[in-house]
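Just so it is clear, the model here is predicted, and its values are computed rather than measured. Chain letters run A, B, ... following the sequence lines, proteins first and then strands; every chain starts at 1.
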Amino acid sequence: MNKYRTHFCGDLTLNDIGSVVKIAGWVENIRDHGGVIFVDIRDQYGTVQIVSNDNAIFDNVTRESTVCVTGKVIKRDEELINKKIKTGYIEILTSKLEILSACSNVLPFEIKTSSDNSLEVRLKYRYLDMRNKKVKDKIMFRADVVKYLRDKTNSLNFTEITTPILTASSPEGARDFVVPSRKFHGKFYALPQAPQLFKQLLMIAGFDRYFQIAPCFRDEDARSDRIYGEFYQLDLEMSFATEDDVCKVTEDILYSTFSKFSDKLISSKPFKRISYKDSMLKYGTDKPDLRNPLYIVDLTNIFVKTSFKPFKDVVVKGIKVPCIADKSNSWFNEVVDYAKSINMPGIGYIMVNDDMTFRGPIDKFLTEVERDELIKAAELKANSVLFFIADKCKAPNLAGLMRIELGRKLNLLDKNRFDICIINDFPMFEYDDESEKYIFMHNPFSLPKDGKDIISKKPTDIIAYQFDFVCNGVELLSGAVRNHDLKIMRDCFKIAGYDEEDLKEKFGSFYNAFNYGVPPHAGMAIGIDRMLMLLKGEDNIRETIAFPMTSGGQDLMMGSPTTVNETQLKDVHIKIR
RNA sequence: GGUCCUGUAGUGUAGCGGUUAUCACGUCUGCCUGUCACGCAGAAGAUCGCGAGUUCGAAUCUCGUCGGGACCGCCA
């Protein structure tokens, strides 16, 4: 092959018996038996055992050093075969070992069990962490999936075009990462939260179908399914296209990718469509995990006349759980504890007896009429439990969180299924209590339905051609039909408190482009890291990324963010307070 | 911005008011010709994250701070 090796470690087989080979890799383990020494050599493709009776060959060899080994491949005797490794039928009788680069420090952790270590130390020594086969395989898996996505999207006649990383800050959406300009005093570039405007401009430029594996940057706090800082999307856009067209393409890409890279049962195409409104009512979230059979019922009307203070003049939601009335007090206490952890004062519940009477902490506050109505509304059966979630405005969300927690706690989620659905008909606007105005709920450039007269409608009643694909409770992607009509766009921004001058100033050339013939277009963007997380069944999104940051936004290996020197600051006209 | 969990040799842990600070892996030394999580004998290695307080006495309790993790807000 070259001066370092003739074979990869993992590729040596019985067919190589008798030949003199050269391999290169890391010293995984050394077993010194006095008169005979065994050493395992590892490269990306596998591990092979080398052996020698000449101790001097192994002088100064330490674990995890890189070495180049010359030797003759020999067959192992029957009783010495190690069936646990692919190369276990052979070994290399070593004639020469050259240390290419010594590992002179004590290892911070054992490579073989690196995943047992704290994330802190794993990330600091990520290059050692990734020597572990399982960790490395996740990165290889990512490469395979990304390649597949690229090939698949290409095969659907999408054209790959890259868009700028240094771009303009935008007033909507997440916090931008800003980059100070040296040449323009007091001005800043921003890293793109998504290539949104550029891809729309590509449509205006006449590219029929665009895609990109696009890095996106958002300065918002992390979660276990949301990494801080930067992530990747399969971003695509189609001209002269409808919501249905994009959904069809997306279903094709998702279904084929999930089928290829997972053995789990996948929802059949076309995926189930659920309106935003229905999803909020039934699941208390816009990203429902449909594997969870629990659903939310609205009980507000039943308690209109109640004298029970916690249910009076508030929204009351209920979650019925069948067959758990015999759970222990401590089990229910744990549910109450969770409720408290999400800022509920507590959570009321009733258990249904065999004769359909109730017991439990709330029962004494219920009237006979209320009891009957509850049985009907929640379809209560003997031995089921009804949990109550009461709050002036947050009841739907809180009920949604309780539904998730109950599903998790009761082990209702089938780990061998991918339940994918499409949530559509998102509202274009929502009311923001803090700023006391209407703000864009999703993307400001989405097309409202019945766009001609939106100005006469109550803003929160305006529905957009906007959709999410949700898999097992994880938002996998967002898509939309974009607005291609300047008048409707002006109206939309007017509702959000921007006049035409603001529009021109903040989205200058984009706004301008809309005067030059815009094709109706629509598109979407898949969160690649999240999709990998789902495919691999990872609990944390960092496992899918080669060099992730901590949740606080630091790179423990590179030490970023760092200070910069005075000259650099001066160059970009910045003074640190 | 808020809430909760967490920090003990290189690593993973035990200890939770008085210990010579536990154990395992790793490291180092010696022995060992068939191991593959090799074995055996021995050794070194810890200002118990940092600072203050409570106490006769703090790894242990309290407060602050810094790091890590999870969640709410935020983000989509």
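Checked by distance alone, A/R226 brings a side-chain donor or acceptor within 3.5 Å of a matching partner on the base of B/C74. Counting distance only, with no hydrogens placed and no angle test, the side-chain atoms of A/E91 and the base atoms of B/G34 include a donor-acceptor pair under 3.5 Å. With hydrogens and angles ignored, no donor-acceptor pair under 3.5 angstrom links the side chain of A/N105 to the base of B/G10. Below the 3.5 angstrom threshold, one finds no donor paired with an acceptor across the side chain of A/R122 and the base of B/G68. The base of B/C36 lies close enough to the side chain of A/R76 for a donor and an acceptor atom to sit less than 3.5 Å apart.
Rounded to whole Å, the C1' atom of B/U29 lies 36 Å from the corresponding atom of B/C50. Remark: the separation of the P atoms in B/G2 and B/A76 is 23 Å, to the nearest Å. Nucleotides B/G68 and B/U8 have their P atoms positioned 14 Å apart, rounded to a whole Å. Of the C1' atoms belonging to B/G67 and B/C23, the separation is 26 Å, rounded to the nearest Å. Separating the C1' atom of B/A59 from that of B/G51 is a span of 16 Å, rounded to the nearest Å.
Base-pair partner of B/G67: B/U6 (Watson-Crick or G-U wobble, both distances under 3.5 Å). Base pairing of B/G30: its partner is B/C40, meeting the Watson-Crick or G-U wobble criterion (both donor-acceptor distances under 3.5 Å). The base-pairing partner of B/G53, taking Watson-Crick or G-U wobble contacts with both distances under 3.5 Å, is B/C61.
Looking at A/D529 and A/R142, a side-chain N of the basic residue comes within less than 4.0 Å of a carboxylate O on the acidic one, giving a salt bridge. Taking 4.0 Å as the cut-off between side-chain N and carboxylate O, A/K75 and A/E91 do not count as a salt-bridged pair. Between A/D468 and A/K287 there is no salt bridge, since no side-chain N of the basic residue sits under 4.0 Å from a carboxylate O of the acidic one.
When the side-chain nitrogen and oxygen atoms of A/S551 are compared with OP1 and OP2 of B/G68, none of them lie within a distance under 4.0 Å. Dashed line: the shortest gap from a side-chain N or O of A/R31 to OP1 or OP2 of B/C32 is not under 4.0 Å. For A/K84 and B/A37, the shortest distance from a side-chain N or O to OP1 or OP2 is below 4.0 Å.
Comparing A/N29 and A/T550, the nucleotide of RNA chain B nearest to each residue sits closer to the 5' end for A/N29. Mapping A/D116 and A/F38 onto RNA chain B via the closest heavy atom, the residue that lands nearer the 5' end is A/D116.
Cation-pi geometry between A/K536 and A/F258 is not met: the NZ or CZ atom fails to fall both under 6.0 Å from the ring centre and inside 45° of the normal.
For the residue pair A/T47/A/D40, the side-chain donor-acceptor check at 3.5 Å is not satisfied.
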